[in-house]
Amino acid sequence: MHIKIYPIVFITIILLLSACKKESPSKLNIANTENGQILYDAKCAMCHGDMGQGGYSHKNIQGLSYNRIELGLKTAPDMAFLKDLSDQNITDIEAYLETLSGGELLTPQPDIINGEKQFKESCAYCHGLGTIPIEPPRPAHDLLNIGQAYSKVWLSAWIDNPQKMIDAGGYSLDDLNNFNYIMQDLLHSPKDIQDIVYYITEKTTPIIKSEPIQLTDVEFEISKQVYFDNCAGCHGLYRTGATGPNITELRTQAIGTDGIKSMLRYGTPAGMGNFGQKGILSPEQITNLAAYLQLPPPDAPPLPMESIQASWDVVVPLAERPIKPQHSRNWKNFTGVILRDAGQVAIFDGDTNEELVRLSSGFAVHILRSSADGRYFYLIGRDGKVTLIDLWTTIPTIVANVKGCHDARSVESSKAEGYEGKYLIEGCYWPPQYIVYDGLTLEPIQRVDVPMNDIDGEILIENRVASIIASPHDPIWVVSLKEAGFVAVVDYSDPEGIDFPMTSNIATAKFLHDGGLDHTGNFYIVAANSSNKMVVIDLVNQDLEAMFDTGLIPHPGRGVNWEDPVYGWVNATSHIGEGKVSIYGADPVNRPDVAWQVVREITLPSSGSLFIKSHPASPWVFVDMPLSATNMEKDICVIAKSTGTLDKCFQVASNGRAVHFDFNMDGDEVWVSDWHKDGAVIVLNSTSLVEIRRFVNLQTPTGKFNVYNTTYDIY
Ligand code: DHE
């Protein structure tokens with residue numbers, strides 16, 4: 001035994017001696033301390049601390065000589081990625097280390113119990129620890145035996161700031177390509193990080209299952225409502241998944257209580273919101289929701305025609321409404337701002353910048369759409385309530401209400417010649433139906449069940465109506481059936497006005513969500529979001545024009561149209577699931593060579609984008625990232641139309657998340673929401689990008705709808 005150790009000791013002594021004796025190249029090079037600091041901060045501080053005081057490595061390197069640095073680079077496996085540092089670089093780092101002193105020390109005694117607690121609270125969804133595999137799988141690798149692949153120091157530095165480790169070259173780019181996302185920085189303290197690392201590297205037996213939680217009947221009912229308010233939109237009432245993945249009870253039981261809680265707390269870079277971290281859900285709500293999700297979903301009730309008719313409420317009958325505007329305002333430049341959690345819409349005069357009125361509607365109001373002439377706003381809430389607002393009265397007034405769904409996201413007016421504003425369609429998330437109303441009174445005319453089979457012939461338990469758009473040419477609406485993957489054509493020309501059938505169901509791709517028109521109005525371009533595809537419907541021939549892949553969970557809102565200098569007319573989408581804008585050709589007549597093909601991809605600093613928009617008067621295409629899990633939610637980015645490249649990203653929101661854009665009627669102003677309970681709408685000059693106005697004291701402002709732009713589909 002002893003004999004075998006001698007050569008190792010001998011070699012080490014020789015190495016140390018030679019390191020001490022070697023003439024330091026720092027004597028030959030002229031040191032640049034400033035560059036040394038840049039290099040140190042970028043490549044060394046993650047492990048050795050911001051002042052070289054020790055950090056996760058617990059090795060103080062203040063004043064370390066050139067030769068000792070070089071020795072570390074040659075012998076320490078964790079530092080192998082720094083092998084390309086030149087003599088000059090090392091000289092500069094040496095000079096910088098000479099200047100350092102002080103800095104906070106990290107206690108070398110880890111607390112494994114705290115590490116276990118932190119792991120379960122923060123990491124347990126994305127990473128298993130010898131846990132049961134799930135489908136779709138966890139977004140990151142299982143960490144059982146991770147200590148065999150990486151050292152504790154490296155793992156700590158990685159958890160502390162993954163992006164910095166990647167930028168420094170400390171993570172293999174080949175490995176990185178195996179993942180869709182870079183791990184989030186969960187903002188843990190260095191102490192917690194060190195404890196987590198000790199826990200995951202010392203634990204050698206799998207975590208089998210976390211403890212289920214029992215719910216009382218009252219807690220179950222409350223959690224049901226919390227789920228409906230916050231989760232059902234993405235995951236479905238029956239939790240089978242759409243924009244978000246399947247979270248039915250078999251999968252959630254496999255994820256386990258800890259995993260569900262960590263996901264609800266921190267979200268994922270795939271677009272799941274960080275509900276706990278942002279204070280949207282309380283720790284108690286998260287705990288109970290984790291239990292609720294492991295139980296089978298309760299049955300959702302129907303909403304028959306009699307109930308819809310009973311909900312119809314005419315506040316101002318048609319005969320009592322004005323026949324011309326009762327004010328001299330430019331009502332086509334009014335903008336309605338959704339105040340989501342207040343259940344209100346605030347209406348602003350875009351010429352005078354006055355807030356004219358706040359009107360209350362239902363629960364978590366979602367969007368506005370305009371009648372064919374723009375006189376009326378139709379407001380739809382998640383509770384399925386439609387509110388008709390007249391903009392010609394002295395101040396905008398609610399003139400009728402009706403509730404056709406328990407859960408809804410979309411309404412659209414009839415816009416074809418001869419039918420302008422005559423009808424309104426409401427699509428339901430639940431029950432699986434659409435309702436057609438009289439466009440001027442909201443009197444319910446027809447309720448129609450949507451088919452409960454998908455494009456593969458599978459029977460569905462949920463088939464939600466997502467975006468709806470009126471063809472500018474024919475008396476039809478195209479209706480996206482989310483789970484089914486069909487785009488239904490609903491004909492509203494029936495002379496009896498009593499039928500409103502689906503005249504065809506165009507098979508496309510599953511998980512249809514949101515979309516808008518191309519620049520001619522001949523095509524409807526809609527995201528099949530969890531299929532990672534865009535679908536193009538030919539509105540003239542009423543058939544499928546094209547389908548193509550873009551990125552992870554495209555989410556264009558209404559999309560955007562502009563003329564690219566190389567590819568002609570294009571349209572684009574951003575994505576929830578990755579930081580990417582895909583721009584595709586959208587002119588099959590003049591540029592068939594690039595039509596419906598991705599011609600440019602632009603990298604954004606974060607995933608979690610919901611909307612992309614522009615106006616013909618603006619040189620920019622605007623993109624938001626409100627679901628960013630990497631702290632980019634306050635920023636927006638602008639793409640230059642003239643070059644098709646990203647120009648810059650900058651912060652606009654102060655309190656919350658920057659979300660959604662609309663423009664004033666002339667297009668020289670762009671309005672962005674600061675989505676927060678103490679929120680605002682921030683108005684920028686749409687060319688200079690300088691802030692020119694801020695409407696404050698708005699509770700959770702989200703969508704903004706300028707009458708002119710909404711009426712004429714300008715985006
Ligand atoms: Fe929306 C449009 C569904 C979350 C703000 N949203 C749409 C449309 C659908 C939809 C189907 C297209 C309607 C149309 O064109 O006919 N939205 C959903 C959801 O299912 C989802 C993902 C989850 C949910 O629980 O509702 C969802 N939406 C949100 C938000 O969280 C937003 C940001 C704020 C809010 O209301 O809670 C939001 N959605 C909007 C806006 C539009 C929209 C502003 C209209 C975009 C436009 O420019 O026309």
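All ligand and atom numbering here is 1-based and tracks the order in the structure.
- Ranking the protein heavy atoms by distance from atom 12 (C) of ligand 1 puts Ser467 CB, 3.8 Å first.
- Ring geometry, Phe500 versus Tyr423: the interplanar angle exceeds 60°, so the pair is classed perpendicular (tilted spans 30 to 60°).
- Note: an N/O pair closer than 3.5 Å links Arg340 and ligand 1 by distance alone.
- Classified by interplanar angle (parallel below 30°, tilted 30° to 60°, perpendicular above 60°), the ring pair His519/Trp569 is parallel.
- Residue Thr243 places no N or O, backbone or side chain, under 3.5 Å from any N or O of ligand 1.
- Nearest to atom 32 (C) of ligand 1 among the protein's heavy atoms is Trp675 CH2, 4.2 Å.
- The atoms of ligand 1 that sit less than 4.0 Å from any heavy atom of Ala466 are 11 (C).
- Proximity to Tyr429 (heavy-atom distance under 4.0 Å) selects the following atoms of ligand 1: 3 (C), 11 (C), 18 (C), 19 (C), 20 (O).
- Between Asp341 and Lys677 no salt bridge is recorded (no basic side-chain N to carboxylate O distance below 4.0 Å).
- Nearest to atom 30 (C) of ligand 1 by heavy-atom distance, out of Arg657, Arg382, Lys482, is Arg382.
- Ring-plane geometry between Tyr492 and Tyr419 is classed as perpendicular, the angle between the planes exceeding 60 degrees on a 0 to 90 degree scale with a lower cut at 30.
- The protein heavy-atom contact nearest to atom 34 (C) of ligand 1 is Thr702 CG2, 3.6 Å.
- Residue contact check for ligand 1: Phe661 places no non-hydrogen atom closer than 4.0 Å to it.
- Among the candidates Trp331, Phe695, Phe705, the single residue satisfying the ring pair (Phe, Tyr, Trp, His ring centres under 6.0 Å) test with Phe348 is Phe695.
- In terms of heavy atoms, Val402 sits closest to Ile308 at CG2-O, 3.7 Å.
- Atom NZ of Lys641 has more than 12 neighbouring heavy atoms from other residues, nucleotides or ligands inside a 6.0 Å radius.
- In summary, Arg558 and Asp514 do not engage in a salt bridge, as defined by a charged side-chain N under 4.0 Å from a carboxylate O.
- The main-chain N or O of Cys234 is never found under 3.5 Å from a side-chain atom of Thr243 such that the two would form a donor-acceptor pair.
- Here 1 is the count of protein N, O or S atoms positioned under 2.8 Å from atom 1 (Fe) of ligand 1, waters not counted.
- Checked against the 6.0 Å centroid criterion, the rings of His555 and His575 do not qualify as a close aromatic pair.
- For Arg693 and Glu669, the salt-bridge test passes: some basic side-chain N is under 4.0 Å from an acidic carboxylate O.
- Ring geometry for His660 against Phe611 counts as perpendicular: the plane angle is over 60°, on a 0 to 90° scale with 30° as the lower cut.
- On a distance-only criterion, His513 and ligand 1 share no N/O pair closer than 3.5 Å.
- Distance from atom 48 (O) of ligand 1 to its nearest protein heavy atom, with residue and atom name: His660 NE2, 2.8 Å.
- When all heavy atoms are compared, the tightest approach of Asn532 to Ile553 is OD1-N, 2.9 Å.
- Close contacts between ligand 1 and Phe611 involve ligand atoms 5 (C), 39 (N), 40 (C), 41 (C), 42 (C), 44 (C), 46 (C) [criterion: under 4.0 Å to a heavy atom].
- Of the possible polar contacts, one joining the Gln285 side chain to the Ser282 backbone as a donor-acceptor pair under 3.5 Å is found.
- The closest approach between Tyr715 and ligand 1 stays at or above 4.0 Å for every heavy atom of the residue.
- At least one heavy atom of Arg369 lies less than 4.0 angstrom from ligand 1.
- Comment: Glu483 does not engage Lys510 in a salt bridge, judged by the lack of any side-chain N to carboxylate O separation of less than 4.0 angstrom.
- For atom 22 (C) of ligand 1, the nearest non-hydrogen atom of the protein is Cys234 SG, 3.6 Å.
- Residue contacts with ligand 1 include Lys613, since one of its heavy atoms falls under 4.0 Å from the ligand.
- Among the atoms of Ile468, some N or O lies under 3.5 angstrom from an N or O of ligand 1.
- Annotation for ligand 1: atoms under 4.0 Å from non-hydrogen atoms of Arg558 are 15 (O), 47 (C), 48 (O), 49 (O).
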